[in-house]
Amino acid sequence: MPNNIAMNSAPAEKQVKKPNFFTKRRDYNIWGVLVLALGSIIMIFPFVFAFSSSLANNAQDVYQMRWFQGWNWVNYKTVLIEAEMFKYIGNTLIITAINMIGVVLSNSFIAFGFARYEFKGNQAMFFAVLCTMFLPGTVMQVPMFVMFNTVGAIDTFIPLTIGSFFGGAGTIFMMRQCYKGIPGALYEAAMIDGAHPLYIWARIYVPLARGFIFTMCLNTFRGCWNDLFGPLIYITSDSKRTLSLALANFNTKYEASGDIPVLMAAAVIGMAPTIIIFCFVQKQFIAGMASAAIKG
Amino acid sequence: MTRRHQNWGWFFVSPYILHILIFTLTPLLISLYFAFTRYDLVNPPRWVGLQNFSRVIKADQTWEAFRNVWVYAFMLESINISLACVLAVLLNQKIKTLSLFRVIYYIPTLTPMTAVTIVWGRLYSPKGGVLNTILGFIGLGPFMFTYSEHWLEIIAATVIMCVWKGVGGSTLYLMAAVQALSEDVMEAADIDGASPTRKFFKITLPLITPTIFYLLITGISGALQTFEVFYLLTQGTGHDMYVVNSLIYKMMWGASSDVGQASALGWTSFIFIAIVTYAQKKYEKKWVHYDA
């Protein structure tokens with residue numbers, strides 16, 4: 001009898017050590033969670049360090065890890081007003097905005113052609129797109145600079161923005177997957193009703209792909225905000241510097257002077273916007289990235 | 001739909017045709033031409049044959065730069081991807097609080113390298129830097145990290161920082177791959193009494209090899225072209241530490257512009273990257289499973 005066996009073995013079970021925190025049966029692995037928790041402390045540590053240092057009184061407090069001793073918000077004022085970080089943030093925002101418009105318009109446009117039309121050469125063209133994806137930038141930087149130099153576009157925002165209006169291979173690839181997921185019958189129905197292809201693209205397909213377009217915008221924002229190499233080679237005058245470039249110069253300038261708290265305040269200003277935006281939209285963003293990863 | 005109607009496709013893809021013509025083919029051809037000339041952006045280019053390539057190949061600095069970037073790339077990607085595999089599996093357990101962890105691990109990937117190096121520069125600083133203080137508690141160090149004179153120590157310190165910054169990105173991709181695995185396989189393994197470690201190595205890992213392969217190919221070719229992190233971390237430390245792209249930067253945007261030599265080095269680097277990518281593609285069949 002199963003019941004009897006269970007009852008008989010009951011006293012024996014009592015002798016088994018009572019499960020403690022680590023041996024208790026769970027539907028997850030407690031060691032795994034502890035490892036993750038420890039790891040996340042390491043991940044967070046530099047941010048806490050940066051934030052507390054940016055409010056510190058002097059470099060000594062930073063190095064001896066006397067955290068959150070002072071609340072010198074004046075360090076931020078020094079960075080924004082005296083070091084004119086406002087100006088650099090403004091430049092970065094202008095470049096970012098232009099790039100976002102370019103990226104959204106061009107990629108949603110180009111990918112539509114690849115996804116919805118079976119024109120002769122579609123396959124060959126798409127193969128060309130994939131090839132450009134694997135072309136290393138190393139070999140392109142020098143001639144691009146010479147080209148922009150020849151047309152006199154150095155020290156303007158043109159080299160940093162114009163490329164986005166002609167599409168990017170990776171984004172086209174993922175945008176095409178996204179359009180392919182939208183039923184083709186929609187297109188045919190709209191065409192029979194006499195809609196122009198441009199109208200179908202702008203009014204039917206782009207709105208339906210807005211989830212992916214949103215992810216695209218965020219990625220562009222992050223890319224422009226964090227880019228150093230482009231501004232470093234194309235921007236020469238101080239008034240046109242971007243935030244990232246200004247921070248790179250800051251590092252050399254303030255490390256020598258030893259004003260670590262101001263330097264850290266600058267770093268926090270550089271890191272904060274993307275993190276704050278991400279925290280607000282992280283659900284959509286992670287979902288968008290993940291679906292792109294699976295489809296790609 | 002009619003044949004003529006399909007030609008709207010050309011209209012839609014036309015911006016990318018321009019992209020290929022203006023931003024891909026023209027620069028490639030120009031660069032190939034420059035690689036065989038002497039050109040300083042002021043005087044007109046002069047044909048010098050293979051001289052640029054021989055100068056590049058003969059310089060010790062070139063091979064040091066290649067050694068540095070190769071060691072960096074392989075160290076970074078092997079640590080990055082193996083750590084990301086473990087994290088992806090751990091983060092995929094079904095508990096509510098894990099979504100917070102997912103966010104935390106991803107946050108460093110959002111931050112600009114310029115700001116990251118400012119912070120890590122202070123953590124690494126040999127003059128009472130925070131990491132040395134912490135390691136001192138457990139009796140280790142002191143280390144010089146990126147301020148060291150030894151190339152391997154600089155690279156190791158750089159790799160640690162880059163893993164911190166980049167592991168969240170690879171984890172996100174691998175997590176998507178782990179989530180896409182069918183539950184049946186895992187349940188079957190559970191019923192057979194497989195341990196978590198065994199399940200990880202015998203089931204999960206083989207099934208996510210396509211994603212690992214994708215991350216490896218893009219990661220290695222990206223890391224071989226690294227520039228920002230070495231430029232930022234070693235500027236001002238007094239030790240010149242070059243990777244290939246910072247050597248190109250110095251030739252092109254340093255005190256004087258040597259377009260020819262910079263192009264020649266760019267092509268040399270391109271050839272190596274192409275070989276690595278091809279080799280990875282060739283050995284793909286040996287370990288990547290697409291039949292899941």
Side-chain angles (χ1 to χ4, degrees), chain A residues 28-29 32 35-36 40 43-44 46 49-50 62-63 65 106 109-110 112-114 117-119 122 125 128-129 132 134 136-140 142-144 146-147 149 163 166-167 197 222 225-226 228-229 233 244 247-248 251-252 255 260 263 267 270-271 274-275 278 282 286 289-290 293-294, chain B residues 6-10 12-13 15-16 18-20 23-24 27 30-31 34 41 90-91 93-95 101 103-105 107-108 110-115 117-120 122-123 128 130 133 164 172-173 176 180 196 221 225 227-228 232 235-236 245 252-253 259 262-263 266-267 269-270 273 277:
Chain A
Y28 58 89
N29 187 336
V35 168
L36 284 178
S40 59
M43 299 308 270
I44 284 288
F49 169 71
V62 173
Y63 282 136
M65 293 212 290
S106 65
F109 191 81
I110 297 164
F112 188 68
F114 282 120
Y117 295 95
E118 279 141 25
F119 58 97
N122 185 327
M125 269 300 293
V129 172
T132 54
F134 283 97
T138 306
V139 80
M140 311 292 280
V142 173
M144 290 297 277
V146 176
M147 281 165 74
N149 189 37
F166 294 90
R222 168 169 58 165
W225 191 269
N226 296 354
L228 171 67
F229 190 73
I233 63 174
S244 207
L247 280 178
N251 197 6
T252 23
E255 187 174 34
I260 306 296
L263 188 55
M271 297 193 287
T274 31
I275 297 179
F278 174 75
Q282 50 103 356
I286 288 197
M289 287 291 284
I294 289 182
Chain B
Q6 297 294 3
N7 283 335
W8 273 99
W10 282 111
F12 278 103
V13 301
Y16 205 75
L18 288 178
H19 177 121
I20 291 183
F23 296 110
T24 310
I30 292 180
S31 163
F34 282 151
L41 289 178
L90 290 180
L91 283 171
Q93 301 177 89
K94 291 182 185 66
I95 332 171
F101 285 154
V103 172
I104 288 173
Y105 282 94
I107 279 179
L110 302 163
T111 53
M113 194 51 106
T114 40
T117 47
I118 289 177
V119 177
W120 279 77
R122 302 295 89 67
L123 290 175
V130 174
T133 315
W164 172 82
L172 189 69
Y173 279 85
S221 90
Q225 296 172 64
F227 166 76
E228 292 186 0
L232 290 164
Q235 71 166 0
N245 274 19
M252 185 68 196
W253 293 283
V259 183
S263 303
W267 278 98
S269 160
F270 173 48
I273 294 172
T277 311

Chemist: For residues A/Gly270 and A/Trp225, report the shortest heavy-atom separation together with the two atoms involved.
Modeler: O-NE1, 3.1 Å

Chemist: May I ask you to decide if B/Met113's main-chain N or O and B/Glu228's side chain share a donor-acceptor pair within less than 3.5 Å?
Modeler: no

Chemist: For chain B, which candidate among A/Gly163, A/Gly137, A/Pro136, A/Ser244 shows the most heavy-atom pairs at distances under 4.5 Å?
Modeler: A/Pro136

Chemist: Relative to chain A, which of B/Leu18, B/Ile107, B/Thr117 shows the most heavy atom pairs under 4.5 Å?
Modeler: B/Ile107

Chemist: For the interface with chain A, which of B/Pro27, B/Gly266, B/Pro196 has the highest count of heavy-atom pairs at distances below 4.5 Å?
Modeler: B/Pro27

Chemist: Could you tell me which of A/Ile44, A/Val142, A/Val35, A/Asn149 has the largest number of non-hydrogen atom pairs under 4.5 Å with chain B?
Modeler: A/Val142

Chemist: Contact part of A/Met147 toward chain B, heavy-atom cut-off under 4.5 Å: side chain, backbone, both or neither?
Modeler: side chain

Chemist: Would you sort out whether B/Arg122 and A/Leu263 count as a side chain to side chain contact (heavy atoms under 4.5 Å, CB included), showing the intermediate values?
Modeler: CA-CA 10 Å; B/Arg122 302 295 89 67; A/Leu263 188 55; 3.1 Å; yes

Chemist: By a 4.5 Å heavy-atom criterion (distance strictly below it), what part of B/Ile20 contacts chain A: side chain, backbone, both, or neither?
Modeler: side chain

Chemist: At a heavy-atom separation under 4.5 Å, does B/Trp253 approach chain A through its side chain, its backbone, both, or neither?
Modeler: side chain

Chemist: Output, in order, the C-alpha distance, side-chain angles, deciding distance and verdict of side chain to side chain contact (heavy atoms under 4.5 Å, CB included) for B/Val119 and B/Thr111.
Modeler: CA-CA 11 Å; B/Val119 177; B/Thr111 53; over 6 Å; no

Chemist: Working to the nearest 0.5 angstrom, can you tell me the gap between A/Arg222 CZ and A/Ile275 CD1?
Modeler: 11.5 Å

Chemist: Parallel, tilted or perpendicular: which one describes the rings of A/Tyr117 and B/Phe12, with boundaries at 30° and 60°?
Modeler: parallel

Chemist: Can you tell me which portion of B/Phe227 sits under 4.5 Å from chain A's heavy atoms? Options are side chain, backbone, both or neither.
Modeler: side chain

Chemist: Check whether the ring centres of A/Phe119 and B/Trp10 lie less than 6.0 Å apart, and answer yes or no.
Modeler: yes

Chemist: Counting only non-hydrogen atoms closer than 4.5 Å, does B/Ser31 touch chain A with its backbone (N, CA, C, O), its side chain (CB onward), both, or neither?
Modeler: both

Chemist: Name the region of B/Tyr16, side chain, backbone, both or neither, that has any atom closer than 4.5 Å to a heavy atom of chain A.
Modeler: both

Chemist: Between B/Leu91, B/Thr277, B/Thr133, which shows the greatest number of heavy-atom pairs under 4.5 Å with chain A?
Modeler: B/Leu91

Chemist: If we define contacts as heavy-atom pairs under 4.5 Å, which of B/Asn245, B/Val259, B/Ile30 has the most with chain A?
Modeler: B/Asn245

Chemist: So which of B/Tyr105, B/Trp120, B/Phe34, B/Phe270 has the biggest tally of heavy-atom pairs under 4.5 Å with chain A?
Modeler: B/Tyr105

Chemist: What part of A/Ser40 gets within 4.5 angstrom of chain B, counting heavy atoms only: side chain, backbone, both, or neither?
Modeler: both

Chemist: Please name the pair of heavy atoms, one in A/Phe112 and one in A/Pro197, separated by the smallest distance, quoted to 0.1 Å.
Modeler: CE2-O, 4.3 Å

Chemist: Would you indicate whether the side-chain heavy atoms of B/Met252 and A/Ile233 approach each other to under 4.5 Å?
Modeler: no

Chemist: Between B/Ile273 and chain A, which part of the residue has a heavy atom less than 4.5 Å away: side chain, backbone, both or neither?
Modeler: side chain

Chemist: So does A/Gly113 get a backbone contact from the side chain of B/Trp8, meaning a donor-acceptor N/O pair under 3.5 Å?
Modeler: no

Chemist: For B/Phe23 and A/Met144, work out which heavy atoms get closest and say how close.
Modeler: CD2-CE, 3.2 Å

Chemist: For the candidates A/Thr274, A/Leu36, A/Leu247, which exhibits the highest count of non-hydrogen atom pairs separated by less than 4.5 Å from chain B?
Modeler: A/Leu36

Chemist: Which bit of A/Phe109 is near chain B, if near means a heavy-atom gap under 4.5 Å: side chain, backbone, both or neither?
Modeler: both

Chemist: Out of B/Ile104, B/Leu110, B/Val103, B/Leu90, return the one with the most heavy atom pairs under 4.5 angstrom to chain A.
Modeler: B/Leu110

Chemist: Please look at B/Phe101 and chain A and tell me whether the side chain, the backbone, both or neither of the residue comes under 4.5 angstrom of a heavy atom of that chain.
Modeler: side chain

Chemist: Can you tell which part of B/Ser221 gets under 4.5 Å to a heavy atom of chain A, answering side chain, backbone, both or neither?
Modeler: neither

